[in-house]
There are 2 protein chains.
Amino acid sequence: MPDRPYHHGNLRTALLTEAERTLREQGIEALSLRDLARQAGVSHAAPRRHFADRQALLDALAETGFARLGEEMRVAIEGAGEDCEAQLRAVAGAYVRFATTDGALLDLMFGAKTATRSAGLRAASERLFTEFGDLVRRWQRGGALPPGEPERLRLLLIATLQGIASLVASDRVQAAQADALITDAVTLFAPCRHP
Amino acid sequence: MPDRPYHHGNLRTALLTEAERTLREQGIEALSLRDLARQAGVSHAAPRRHFADRQALLDALAETGFARLGEEMRVAIEGAGEDCEAQLRAVAGAYVRFATTDGALLDLMFGAKTATRSAGLRAASERLFTEFGDLVRRWQRGGALPPGEPERLRLLLIATLQGIASLVASDRVQAAQADALITDAVTLFAPCRHP
DNA sequence: ACCTGAACACCGTTCAAGT
DNA sequence: ACCTGAACACCGTTCAAGT
């Protein structure tokens, strides 16, 4: 008589949750399908039902990463009030916080050739990028960003945030330095304000 | 009678060269010490003399990556003439080219927690960052960058370049888009030129 | 100093079989 | 539909021994 039901019931979610934690605490090298199966209390072959291979699990992790980053950005904006520059600063802060706590996950999200790996991953990534497009247009109207083609400005903004996040995640920039970096970036993007 | 000498003679370099190629052509998942040893014609335990473990090889790869990126930047500057803005554009172009051809290597160079992994890697990374400091000061004098603390501007410039490179390496931005992105970035950094 | 060969524990993946 | 258990090929790492 087994002390757990034959069907786990929620194996896919359990694997992803545990994988995200292992990734955060021990890095990607420590992430193994067999180990995850062990921690979930299923056989090593069970994950195969939910993820075709290890790469599929990593893709799914990146996918949820994009969704969570988007969610945390929205929360940051809501807490920042009406001022566009404050919103921009808040989004940058949320992005940096994400990089600080989940640097290895960010690697999975923006690693080489990640854009076209799976349909779900691409879709999640594009959702975030589309959201940035909306934000850029709003912030242009509010005067926190200079005029110009929103699509081009959007890519430049994402690149800047991702670059700052990359420096933070790789431990080349500390928390205090990151704040200064965000300030400098916001000033740089602000329409013609530097002396 | 062996058809090759007992001592390889140049195993460390041979392993690194082959590893860089495999990384470029097949990605990091395909990189195995045993496979590299096979291709070099030595036993699977031989690489141990030169790299304590797999991570040490990856660190060494990242280290040579920083050296090569610096070298390619210097070459780009020399080919750009005296104009500071042309030099800035050339450096950005070299960085993007590096990201295009060696995206997986760039992941190793800027992945989570890479800054403090080995002394050699940290030193190589700091050499490139120091070089950016010199460039920023020169470009500030030449009018391609706004005045202000060079150390802060340096980080913002590196972040922007690294962010653009990240979008390129992950296939979220194509070559033509990358050119536009560089143009926009140079314009953004140019002292008060946007309308 | 540098490399070999055997050994160990671990992993991803496959597949026939079970519930 | 979901999971098990055995099997296979591969890997990183260790170590006594060889040249």
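What you are looking at is a predicted structure, and each value in this text was computed from that prediction instead of being measured. Numbered from 1 within each chain, the chains take letters A, B, ... in sequence-line order.
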Partner residues of F110(B) under the ring-ring contact (aromatic ring centres under 6.0 Å, His included) criterion, sequence neighbours left out = F66(B)

For the residue pair R138(A) and Q87(A), confirm or rule out a side-chain donor-acceptor distance under 3.5 Å.
-> yes

Any side-chain donor-acceptor pair under 3.5 Å between S125(A) and R172(B)?
-> yes

In whole Å, what is the span from the CG atom of L33(B) to the P atom of dT14(D)?
-> 12 Å

Without hydrogens or angle criteria, can the side chains of E72(A) and Y95(A) be said to hold a donor-acceptor pair below 3.5 Å?
-> no

Does any pair with a residue in residues 15-60 of chain B pass ring-ring contact (aromatic ring centres under 6.0 Å, His included), and if so which ones, sequence neighbours excluded?
-> none

Tightest non-hydrogen contact, residues A169(B) and G103(B), listed as CB-CA, 3.9 Å

Report, one pair per line, the protein and nucleotides 5-10 of chain D atoms (nitrogen or oxygen only) whose separation is under 3.5 Å.
{"unit_1": "dA6(D)", "atom_1": "N6", "unit_2": "H44(A)", "atom_2": "NE2", "d": "2.8"}

Heavy-atom nearest nucleotide on DNA chain C taken for R49(A) and for L31(A); more 5' hit belongs to L31(A)

Heavy-atom contacts under 4.0 Å between residues 15-27 of chain B and DNA chain C, which residues?
-> none

Heavy-atom pair of closest approach, residues A112(B) and D107(A) | N-OD2, 2.8 Å

Give a yes/no answer on whether the side chain of R48(B) brings an N or O atom under 4.0 Å of OP1 or OP2 in dT14(D).
-> yes

In terms of heavy-atom contacts, A92(A) and L161(A) come closest through CB-CD2, 3.6 Å

Can R68(A) and D102(A) be counted as an ion pair, charged N to O under 4.0 angstrom?
-> yes

For S32(B) and R54(B), does a side-chain donor sit closer than 3.5 Å to a side-chain acceptor?
-> no

Tell me: CD of E29(A) to P of dG12(C), nearest whole Å?
-> 12 Å

Which atom of D171(A) lies closest to which atom of K113(B), heavy atoms considered | OD2-CD, 3.5 Å

Between R154(B) and E151(B), is the closest basic N to carboxylate O distance under 4.0 Å?
-> no

Considering only NZ, NE, NH1 and NH2 on the basic side and carboxylate oxygens on the acidic side, decide whether R74(B) and E131(B) come within less than 4.0 Å.
-> yes

Under a 4.0 Å heavy-atom cutoff, the residues of residues 50-58 of chain B touching DNA chain C are H50(B)

Should stems be defined as at least three consecutive Watson-Crick or G-U pairs with both distances under 3.5 angstrom, which of them involve DNA chain D?
-> C:4-8 with D:12-16, C:12-16 with D:4-8

